[in-house]
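All remarks here apply to the structure that follows.
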Amino acid sequence: MHSTPTGSTITRFAPSPTGHLHIGGARTALFCWAFAARARAEGRDGRFLLRIEDTDRARSSEDAARGILEDLAWLGINWDEGPGFRTNLDREGAVTCGGDPRDVGPFYQSQRREIYDAHLQTLLEAGLAYPAFDTPEQLAAMRKAAEAEKRSFIYRRPPGYDHAAALARAASEPHVLRFKMPPEPITVRDEVLGEVTFPYDQIDDFVIRKADGFPTYHFAVVVDDALMGVTHVLRGQEHLNNTPKHVALQRALGFDTPAYAHMPLIFNTDGTKMSKRDKDKAAKKAVRDAKIDTVAALIDALPPTSRDREGAVLRSLTDADLIAWLKNKQRQLPRDQVAAVAAALDLRLPEIDVEDFRASGYLPGVIINYLALLGWNPGMKNEDGTDLERFDAAFLAEHFSLDRIGKSNSKFDREKLLAFNADTIQHGMTDEEFATEWLAWAERFDDQLAAWAGEDEARWRLAAAAARPRTKTLADARASIAFALTDAITYDPKSVKKHLLKGEPNGLAILPDLRDAVAQIEDWSPEPIEAAIAAFAESKGIGMGKAAQPLRIALTGTAVSPPLGISLALVGRDTTLARLDRCIAHDHTTG
RNA sequence: GGCCCCAUCGUCUAGUCUGGUCCAGGACACCAGGUUUUCAUCCUGGUAACGCGGGUUCGAAUCCCGCUGGGGUCACCA
């Protein structure tokens, strides 16, 4: 309201810092960002601002707020105004978010109490708000009575209410402030849903200031949006029923009503809400299905690579804890323990928060893309006639519009997200880009891998080139090059039987000559290695597979690996020859 | 339960405002072939939807009504 250019488009995302950023919240933030960005792309003033709604003192935390800022920044959803934040991604192009060019802050509601109090005072003096002294118990009783009569509970100022007396009493007694709802229906104009009218008898005299002196959400949001010059409120449909309250408040305070756009909600594929508890539920079900009921059994089930870290987490759990958790549906385990349980059972937990998707190895650009498609659609075609659905943030900034937001709720399909992620990794980036992304991921989520990457840069590039074509997420990339991470190769019996012991001549018989051929290779890099193996097969008059598979088993222990040229290059000459020697000498008949 | 919102393949959706070009198109998933030294990729083909019932109209996925179904919301949480 200070130096806001007229004709501005100002949107905001206003999370409550009570936990990580939920994927649904990320979609809301994305749409708000995109709408402002579109205005800017058209040469108008567009701003996306971030405000932290921390009026619930018990549940809010500064840690959570920071985490949300970081998640948003990671996704590339940068805010123009709001808490300051610098993305210190080691890569080029560090971005600074936030700031307060129009002087409309602070952006933490807990720091805006005088502002709310001033507006509260206006309302009080105008008789549009009034103190109420009902205790929680009394309110509960009133609700119960209403329920018994099968009508919904609507709080109204009692008849004969003495405003002056109440004000006097409020000076010394704990109380809340309620808004005197005007006796008329309220029609909300929504950009997505159209006009929606709410009858007066459905909206009660809601609380606008809590007994602790903090404003409620309804009051703070209305005051802040108005004072911060917000022109468009984009939020989830769960807020539609709140909107008439906000409109009434705006009228009482003399504020303009912003444009509203309520967007459809996102659910799990089974129709349930996407909730943090889903992870706990999934872990619990897996433990039950595996019929495990001791911590020791869980630790035993841990793969060697996670023995240390996850093992330690699990040891902090007692059998009694475990059984209590298993028996009680309501009971939840701490986040890290759930993760450790999942590791033990090789279970992929459902991702809920942005941080989960990040840990699972999804690319921010892909998440943005997929999220945008949930409830919005560009309605455009590709040149080949298929629907356009792969795009980036820049595209959104250019084409996003409220009129293409859908009305119906959608289900979050991780399969499609995964397909998008795999497609981007495999076809939408170079080996170099992948090497960089993968390393950044490892540094945050896989210490061992990051350390290995740091040992040899050239080797890391080879690893990236080997893994990329068969990678769906940054987290699963490791599996395709696992044979290079360790010398502890175990031979897969089925593969050995099929490719080493069967056939005329059998693979094992071919290996010694192949070993010699490999030893002759001068330039130890993918193409020459590949060529040498092909030449060897030809000289022996055997098919490529006849030579390739035995070699693959000698190198990796299995019949599956990246193309041999790159696999051998990755492992290195010495190790390759050592593994060949070991395979040749190994007694495969006993395993 | 009151109020409010919504309704196209299993899922995300195009098409609905401006009825006919839609015996409904795309994507993911799935199924069947093919390419490939393994895996992955890639290519080709296929299965699959307008919730139901009434209207209006020459004609309805598209407009209207009802039903059914799904969702949201009814806090001193946001």
Side-chain angles (χ1 to χ4, degrees), chain A residues 14-16 18 53-56 58-60 132 134-136 139-140 143 147 150-154 174-178 188 190 192-194 196-199 201-204 206-212 214 216-218 220-221 236-244 262 264-265 267 269 271 273 370 373-382 384-390 403 406-420 422 426-427 467-472 480 495 499 530 533-534 537 543-549 551-553 556 558-564 567:
Chain A
S16 176
T18 55
E53 310 223 324
D54 57 349
T55 53
D56 184 338
R59 294 200 302 155
S60 298
D134 316 81
T135 65
L139 287 169
R143 281 194 193 94
E147 195 182 339
K150 290 210 294 190
R151 57 180 174 80
S152 47
F153 172 64
I154 298 293
H175 63 282
V176 301
L177 255 30
R178 284 180 182 269
V188 173
D190 186 275
V192 174
L193 269 12
V196 186
T197 300
F198 298 85
D201 65 12
Q202 289 298 318
I203 311 168
D204 69 354
F206 54 97
V207 173
I208 53 180
R209 190 178 72 182
K210 302 180 260 186
D212 66 3
F214 278 77
T216 60
Y217 160 71
H218 301 301
V221 82
Q237 254 174 40
E238 76 269 22
H239 284 294
L240 184 61
N241 294 296
N242 292 151
T243 312
H262 288 93
L265 273 15
F267 295 94
T269 321
K273 275 188 193 178
Y370 181 71
L373 249 14
L374 247 33
W376 184 81
N377 189 288
M380 299 164 101
K381 298 275 185 202
N382 293 306
D384 64 2
T386 56
D387 290 354
L388 179 87
E389 52 177 19
R390 301 305 311 278
D403 57 17
K407 296 180 177 185
S408 44
N409 298 337
S410 45
K411 292 173 180 168
F412 195 99
D413 182 5
R414 289 190 183 75
E415 288 292 335
K416 184 154 179 168
L417 204 218
L418 186 65
F420 275 21
Q426 293 169 14
H427 305 291
R468 190 174 68 85
R470 59 218 87 230
T471 291
K472 290 183 193 291
S480 11
S495 303
H499 299 291
E530 200 78 43
I533 297 166
M544 186 63 179
K546 277 286 187 188
Q549 291 307 77
L551 176 52
R552 186 163 267 129
I553 291 166
T556 73
T558 73
V560 174
S561 88
L564 285 173
S567 291

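Keep in mind that what you see is a predicted model, and the values were worked out from it rather than measured. Order of the sequence lines fixes the chain letters, A, B, ..., with proteins taken first and strands second; residue numbering starts at 1 for each chain. These numbers come from the heavy atoms of this one structure, side chains and all, not from hydrogens, waters or symmetry mates.
For B:rG72, the OP1/OP2 oxygens have no side-chain nitrogen or oxygen of A:H262 closer than 4.0 Å. Between A:R470 and the phosphate of B:rU36, there is no side-chain N or O to OP1/OP2 separation shorter than 4.0 Å. The shortest distance between the side-chain N/O atoms of A:R143 and the OP1/OP2 oxygens of B:rA75 is below 4.0 Å. The phosphate of B:rA78 has OP1 or OP2 within less than 4.0 Å of a side-chain N or O from A:T55. Contact annotation: A:K411 side-chain N/O to B:rU13 OP1/OP2 distance is not under 4.0 Å. Contact annotation: A:K407 side-chain N/O to B:rC6 OP1/OP2 distance is under 4.0 Å. A:S410 has a side-chain polar atom (N or O) that falls below the 4.0 Å cut-off from OP1 or OP2 of B:rU13. Residue A:R178 places at least one side-chain N or O closer than 4.0 Å to OP1 or OP2 of B:rC76.
Within 4.0 Å of A:A211, counting heavy atoms only, lies at least one base atom of the nucleic acid. The residue A:G375 sits close only to the backbone: its heavy atoms come under 4.0 Å of sugar-phosphate atoms, none of a base.
Here B:rC76 is the nucleotide among B:rC76, B:rC3, B:rU13 with the atom lying nearest to any side-chain atom of A:P136. Here the nucleotide nearest the side chain of A:T386, chosen from B:rC6, B:rA27, B:rC4, is B:rA27. When each of B:rA78, B:rC4, B:rG10 is scored by its nearest atom to the side-chain atoms of A:L240, the top-ranked nucleotide is B:rC4. Relative to the side chain of A:K210, the nucleotides B:rC42, B:rC6, B:rC77 differ in distance, and B:rC77 lies closest. Of the candidates B:rG10, B:rG2, B:rA78, B:rG2 carries the atom nearest the A:Q202 side chain, counting heavy atoms from C-beta on. Nearest nucleotide to the A:A548 side chain, out of B:rG10, B:rA40, B:rU37: B:rU37. Here the nucleotide nearest the side chain of A:L193, chosen from B:rU37, B:rA78, B:rC6, is B:rC6. With distances taken from any side-chain atom of A:E53 to the nucleotides B:rA40, B:rA78, B:rU38, the minimum falls on B:rA78. For A:D387, counting side-chain heavy atoms from C-beta on, the closest listed nucleotide (B:rC42, B:rU38, B:rA14) is B:rA14. Nearest to the side chain of A:Q237, among B:rU37, B:rC5, B:rU41, sits B:rC5.
Rounded to a whole angstrom, the distance from the P atom of B:rG53 to that of B:rC17 is 22 Å. If you take atom C1' in B:rA29 and the same atom in B:rU36, they sit 24 Å apart, rounded to whole Å. When the C1' atom is compared between B:rA32 and B:rG51, the two are found 31 Å apart, to the nearest whole Å. Atom name P, nucleotides B:rA24 and B:rC50: the rounded distance is 10 Å, in whole Å.
For A:N382 and B:rG26, a side-chain-to-base donor-acceptor distance below 3.5 Å is absent, hydrogens and geometry of angles not being considered. Judged by atom type and distance alone, A:N241 reaches the base of B:rG72 through a side-chain donor-acceptor pair under 3.5 Å.
Of all nucleotides present, only B:rA7 satisfies the Watson-Crick or G-U wobble test against B:rU68, with each distance under 3.5 Å. B:rA24 is unpaired under the Watson-Crick or G-U wobble criterion, no partner having all donor-acceptor distances under 3.5 Å.
Rounded to whole Å, the distance from CD1 on A:I208 to P on B:rA78 is 14 Å.
Each of A:R59 and A:F153 has a nearest nucleotide on RNA chain B; the 5'-most of these lies closest to A:F153. Along RNA chain B, the nucleotide closest to A:F420 and the one closest to A:Q426 are compared, and the more 5′ of them pairs with A:F420.
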Exercise. Evaluate the criterion salt bridge (Lys or Arg N to Asp or Glu O under 4.0 Å) for residue pair A:K416 and A:E389; output intermediate values, then yes/no.
Key: CA-CA 12 Å; A:K416 184 154 179 168; A:E389 52 177 19; 3.3 Å; yes

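Closest approach of A:L139 to A:F153, counting heavy atoms only: CD2-CZ, 4.4 Å.
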